[in-house]
Amino acid sequence: MTSSTPTPSGAAGSPDDSPGPGPRPLDPPGGRRAVLVWSAGVSVYFVAIIFRTSLGVAGLDAADRFEINASALSTFSILQLLVYAGMQIPVGLMVDRLGTKRVLTFGVILFTLGQLGFAFFPHYGMALVSRALLGCGDAMTFISVLRLGSRWFPARRGPLVGQLAGLVGMAGNLVSTLVLARLLHGIGWEAAFGGSALLGVMVLAVMLVFLKDHPEGHAPPPVPKEHRGAAFVRHQIARSWSEPGTRLGMWTHFTTQFPAMVYLLLWGMPYLVEAQGLTRAEAGELLTLVVLSNMVIGLVYGQLIARNHRARSAIVLGTILATAVCWAAVLSWPGTAPAWLLLVHALVLGACGPASMVGFDFARPANPPERQGTASGIVNMGGFTASMTSLLAIGILLDLTGDNYRIAFCALFVLQALGTAQILRLRRAALRRESERLVASRVETVHVPA
């Protein structure tokens, strides 16, 4: 007679370097039903990205509409990201406590109201409030989608499902770049932004009909009474932060996401038009190339990590190096950069988003299921804190130097150096702890004599 104690899917210590042929005993089943439910959830994230990145193609128009300088223009994105980053841990706790559907519902309502306000408020102050509201709703989407994936798909599919979520988000960015930009110059500011807000109403209806927090038979256990209150919240945050894997994930997200985020979110279009002498159409094509590159590389990275977790560090550090080299080449080129270099630069920037997703793959095995939302919130703060900081620094430097983009974009290298140093400091401890948990989980599943 034998007995075994399998480790639940998603628990600390459950990751496997070489996934087995089937799901673990307590894993969700996956399948078509999972794809349908997950698609309903990820459609919300898709629309959130359209709204988040809409300013990236409208930066020059916004400066004219509100009669503001570079620093004030960057404040739109900075405030949006400040709210987003500040909401990550509270949202993680909300997802752990309330479930995905409720949190996504709040998020859709908030970011739709924010987009509507940005469309119709003519004054700078009220437009700022609208972007803050949008950032608050946007903050509730990605962590919810990550949790939805972990509830509906086997753990061995986690890296690929996460990258697919990022890919869908980049498709939303593509809509901003290709569709919203043309609508903006075709039908005007209010009609373009106001009409896009209807997408929020549509995905809210889809989500309410199709989305379910978990499959039948896989409901999480009820939250014990002692797991409520401010003391437990502080405990959850402290326990998640104490894990080297969580901190490594945060610094990975911090270092890899922002070099492309600042380019797509605000400063890419002005830089390419004003510093590189391109037309708006040509600049839009390069921004589109960043998005398309992101989508392709996301699939590649997801497959690589799903097959071999040891590839994570190489992917992260390689992406950081390639990004730094490309930015240095473009900024140091005398005069305007040649077309081929701008193309290579756009292709390499496309790797930043997928590399930032690896941060969640460091944090996931370091935390048990009841802390996944909190840990994901900590990780997600990293990239958006870096993006917010770099957006502010670039705006200030542009004003101080008379729109010298070469000097302004050098702020990127400072943040990259800081993040890389932290990754190298934490990597060994995080991977060692993950390996120890993997060995422990395998020992627990070994059949032993009764």
Side-chain angles (χ1 to χ4, degrees), residues 39-65 73 76-77 80 107-108 111-121 127 130-131 134-135 137-138 141-142 145 164-207 260-273 278-299 343 346-347 349-350 353:
S39 298
V42 83
S43 68
V44 177
Y45 180 56
F46 171 77
V47 174
I49 294 296
I50 295 176
F51 292 178
R52 180 199 299 174
T53 58
S54 57
L55 186 60
V57 297
L60 297 174
D61 300 271
D64 292 336
R65 176 179 173 85
L73 178 61
F76 277 128
S77 296
Q80 180 182 333
V108 175
F111 69 57
T112 302
L113 291 175
Q115 188 76 342
L116 277 172
F118 197 61
F120 296 110
F121 287 135
S130 298
R131 294 308 286 187
L134 194 157
D138 183 16
T141 59
F142 187 63
V145 170
L164 286 174
L167 186 150
V168 172
M170 292 310 295
N173 200 328
L174 198 61
V175 170
S176 290
T177 305
L178 294 178
V179 180
L180 189 60
R182 293 181 181 179
L183 287 175
L184 188 65
H185 299 110
I187 62 177
W189 180 282
E190 293 182 354
F193 278 94
S196 68
L198 294 176
L199 292 173
V201 179
M202 292 172 58
V203 295
L204 178 61
V206 169
M207 186 196 68
M261 177 68 76
V262 297
Y263 197 73
L264 291 171
L265 198 61
L266 183 60
W267 292 121
M269 178 72 75
Y271 169 69
L272 293 171
V273 172
L278 302 183
T279 65
R280 289 195 182 199
E282 292 169 337
E285 290 172 358
L286 282 175
L287 295 179
T288 302
L289 184 60
V290 176
V291 176
L292 293 174
S293 173
N294 184 300
M295 296 170 73
V296 173
I297 294 173
L299 289 175
L343 286 172
L347 290 172
L349 285 182

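The ring-ring contact (aromatic ring centres under 6.0 Å, His included) test applied to Y271 returns Y405, F409, not counting sequence neighbours. For E282, the side chain to side chain contact (heavy atoms under 4.5 Å, CB included) test picks out L278, T279, with sequence neighbours left out. Not counting sequence neighbours, the partners of R280 by the salt bridge (charged side-chain N to carboxylate O under 4.0 Å, His left out) test are D61.
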### Query
Taking it one step at a time, do L264 and T53 satisfy side-chain contact (heavy atoms from CB on, under 4.5 Å)?
CA-CA 7 Å; L264 291 171; T53 58; 5.5 Å; no
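No side-chain donor-acceptor contact under 3.5 Å links S293 to the backbone of L289. In this structure, S176 contributes its side chain and I50 its backbone to a donor-acceptor pair below 3.5 Å.
Among all heavy-atom pairs drawn from G194 and A119, the shortest one is N-CB, 3.3 Å. I187 approaches A192 most closely through the heavy-atom pair CD1-N, 3.8 Å. Listed here is the closest heavy atom pair of R65 and E190: NH2-OE2, 4.0 Å. Between A48 and D138, the shortest heavy-atom contact is CB-OD1, 3.6 Å. Considering every non-hydrogen atom in both A165 and V42, the closest pair reads CA-CG2, 4.1 Å. The heavy-atom pair separating N173 from I49 by the smallest distance is N-CG2, 3.5 Å.
For F193 and W189, the ring centers are positioned less than 6.0 Å apart.
Side-chain contact between L55 and R131: present, with at least one pair of heavy atoms (C-beta onward) separated by less than 4.5 Å. The closest side-chain heavy-atom distance from L292 to T288 is below 4.5 Å. In this structure the side chain of S54 reaches within 4.5 angstrom of the side chain of Q115, judged on heavy atoms. Using a 4.5 Å cut-off on side-chain heavy atoms (C-beta onward), L73 and L266 make contact. When side chains are defined from C-beta on, V291 counts as touching L174, because their heavy atoms get closer than 4.5 Å. Annotation: side chain of V175 is in contact with side chain of F46 (closest heavy-atom distance under 4.5 Å). Using a 4.5 Å heavy-atom cutoff, the side chains of V108 and V201 are not in contact.
To the nearest 0.5 Å, atoms CE (M261) and CH2 (W267) are separated by 16.0 Å. Between atom CZ of residue R52 and atom CG of residue L134 there is a gap of 9.5 Å, rounded to the nearest 0.5 Å. We find the CG-CG distance between L164 and L299 to be 6.0 Å, quoted to the nearest 0.5 Å. Distance check, rounded to the nearest 0.5 Å: OG of S196 to CG of L184 gives 10.0 Å. The CG atom of L286 sits 9.5 Å away from atom CG of L347, with the distance rounded to the nearest 0.5 Å.
Just one of F51, F76, F111 meets the ring-ring contact (aromatic ring centres under 6.0 Å, His included) condition when paired with F118; it is F76.
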